[in-house]
J.: 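Below you will find the structure I want to go over with you.
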Amino acid sequence: MSAPETAPAARRPRVQTLGAGAAVLAALAVGHVVVTAFPVDERVQASFVRPAVVGEPVELRYARLTAGEPAGSTVLDNDDGTLLTTSGVWLTVPLTIEVVGQPRALGFAELIGGDGRTYTVFTGGRSWFLPGTAQPGVPRYATVRVELPPEAVPGAHLRIGSEQKDQRRDDVADIDLGLTQADADAWASDDTPVLAGQWSDEPPEQP
């Protein structure tokens, strides 16, 4: 009696193997799509802008800021015995700075003019912002001074931040100064010196 024929090898394991391979390829494809859709080197770079108006505290990661009433003139009292004149306008904005967590020295300021231009405030020079190192729990009073053309005054916004050179992915205050064309006209024709006070831990004297 002859031996029974051997049945062909079952193909199911091969089918399963092919199925598993397809699943792996599908997973890799999905993974590729995810990586492509969210590239690591295109993370958010913009600042976190925190809007405010004059007299309204704005809460930042590192400080609580409050801007006082802006003032302007064609003459600046440098608070060191010298007067500076300009063919444009001197704008000064008093700030109250209350840092949180650790001592900090805020270093970034710029003015977004109503003329669409940005006026950078350097540490030193004619435009100036140098509040020094503030201590947690001790308000620091400082003044931003900016030299700008009269047409930049209406609608101007003041921006304040922590790092002078890099504000990426960090809080920046954007303060609407509430200025109008009437302010620009008045200041451009006024030669009464406006004071650029030095930083202090004592509240400024009220006029």
Side-chain angles (χ1 to χ4, degrees), residues 44-60 62-80 82-97 105-131 141-199 204 207:
V44 175
Q45 298 293 312
S47 303
F48 300 107
V49 177
R50 311 301 185 189
V53 297
V54 170
E56 175 189 20
V58 53
E59 304 290 343
L60 307 176
Y62 44 81
R64 185 173 190 254
L65 297 181
T66 308
E69 288 294 332
S73 174
T74 59
V75 181
L76 180 79
D77 182 344
N78 208 32
D79 203 20
D80 62 0
T82 63
L83 298 177
L84 300 177
T85 62
T86 179
S87 58
V89 168
W90 285 110
L91 169 66
T92 64
V93 182
L95 290 176
T96 301
I97 304 167
L106 275 59
F108 172 75
E110 67 180 14
L111 187 124
I112 311 299
D115 58 356
R117 297 181 178 179
T118 298
Y119 298 86
T120 302
V121 181
F122 295 101
T123 302
R126 289 171 69 87
S127 295
W128 180 86
F129 176 57
L130 188 63
Y141 303 93
T143 302
V144 179
R145 71 183 190 196
V146 190
E147 185 180 20
L148 68 164
E151 57 267 25
V153 171
H157 283 225
L158 177 65
R159 287 191 169 184
I160 301 292
S162 177
E163 298 295 331
Q164 184 180 25
K165 296 182 180 180
D166 188 359
Q167 298 81 48
R168 292 175 298 175
R169 302 188 300 276
D170 204 355
D171 285 355
V172 172
D174 184 290
I175 304 166
D176 184 346
L177 299 178
L179 300 176
T180 66
Q181 186 63 51
D183 294 316
D185 294 341
W187 293 347
S189 61
D190 188 0
D191 61 1
T192 304
V194 62
L195 180 64
Q198 304 296 324
W199 64 262

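Please read all numbers here as calculations on a predicted model, not as lab measurements. Quick note: residue numbers are just sequence positions, from 1.
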J.: When rounded to the nearest 0.5 angstrom, what is the spacing between CG in Asp79 and OG1 in Thr143?
T.: 8.5 Å
J.: With heavy-atom distances below 4.5 Å as the criterion, would you say the side chains of Leu83 and Asn78 are in contact?
T.: no
J.: If we only count heavy atoms from C-beta on, is the Val93 to Val146 side-chain gap below 4.5 Å?
T.: no
J.: Between CG of Leu65 and CZ of Arg50, what distance do you get to the nearest 0.5 Å?
T.: 12.5 Å
J.: Tell me yes or no: between the side chains of Thr118 and Glu110, is some donor less than 3.5 Å from an acceptor?
T.: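 Note: Thr118 and Glu110 side chains miss the donor-acceptor criterion.
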J.: Got Leu76 and Leu195 here, is their nearest side-chain heavy-atom distance under 4.5 Å?
T.: no
J.: Can you find a heavy atom in the side chain of Arg145 that is under 4.5 Å from one in the side chain of Leu91?
T.: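 Answer no - side chains too far apart.
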J.: So do the side chains of Pro149 and Asp115 get within less than 4.5 Å of each other, counting heavy atoms only?
T.: yes
J.: Any donor and acceptor pair, going by atom type alone, linking the side chain of Trp90 with main-chain N or O of Leu84 inside 3.5 Å?
T.: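 Here the side-chain-to-backbone pair exists.
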J.: Looking at Glu147, is its backbone amide N or carbonyl O close enough to the side chain of Ser127 to form a donor-acceptor pair, meaning the two atoms are under 3.5 Å apart?
T.: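 Yes, the answer is positive, given that a donor and an acceptor are paired below the 3.5 Å cut-off.
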J.: Going from CD1 on Ile112 to CG on Leu158, what distance comes out if it is rounded to the nearest 0.5 angstrom?
T.: 9.0 Å
J.: Mind checking whether Arg159 and Leu111 have side chains closer than 4.5 Å, heavy atoms only?
T.: no
J.: Using the side-chain contact (heavy atoms from CB on, under 4.5 Å) rule, take Leu95 and Phe129 through it: C-alpha gap first, then chi angles, then the decisive distance, then the call.
T.: CA-CA 10 Å; Leu95 290 176; Phe129 176 57; 3.8 Å; yes
J.: At what distance, to the nearest 0.5 angstrom, does CG of Leu148 lie from OG1 of Thr86?
T.: 8.5 Å
J.: Is the shortest heavy-atom distance from the side chain of His157 to the side chain of Ile175 under 4.5 Å?
T.: no
J.: Is the backbone N or O of Ala182 less than 3.5 Å from a side-chain atom of Asp185, with the two atoms forming a donor-acceptor pair by type?
T.: no
J.: Is any side-chain heavy atom of Pro70 closer than 4.5 Å to a side-chain heavy atom of Leu179?
T.: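 SC-SC contact between Pro70 and Leu179 confirmed.
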J.: Without swapping roles, check the side chain of Ser73 against the backbone of Val194 for a donor-acceptor pair under 3.5 Å.
T.: no
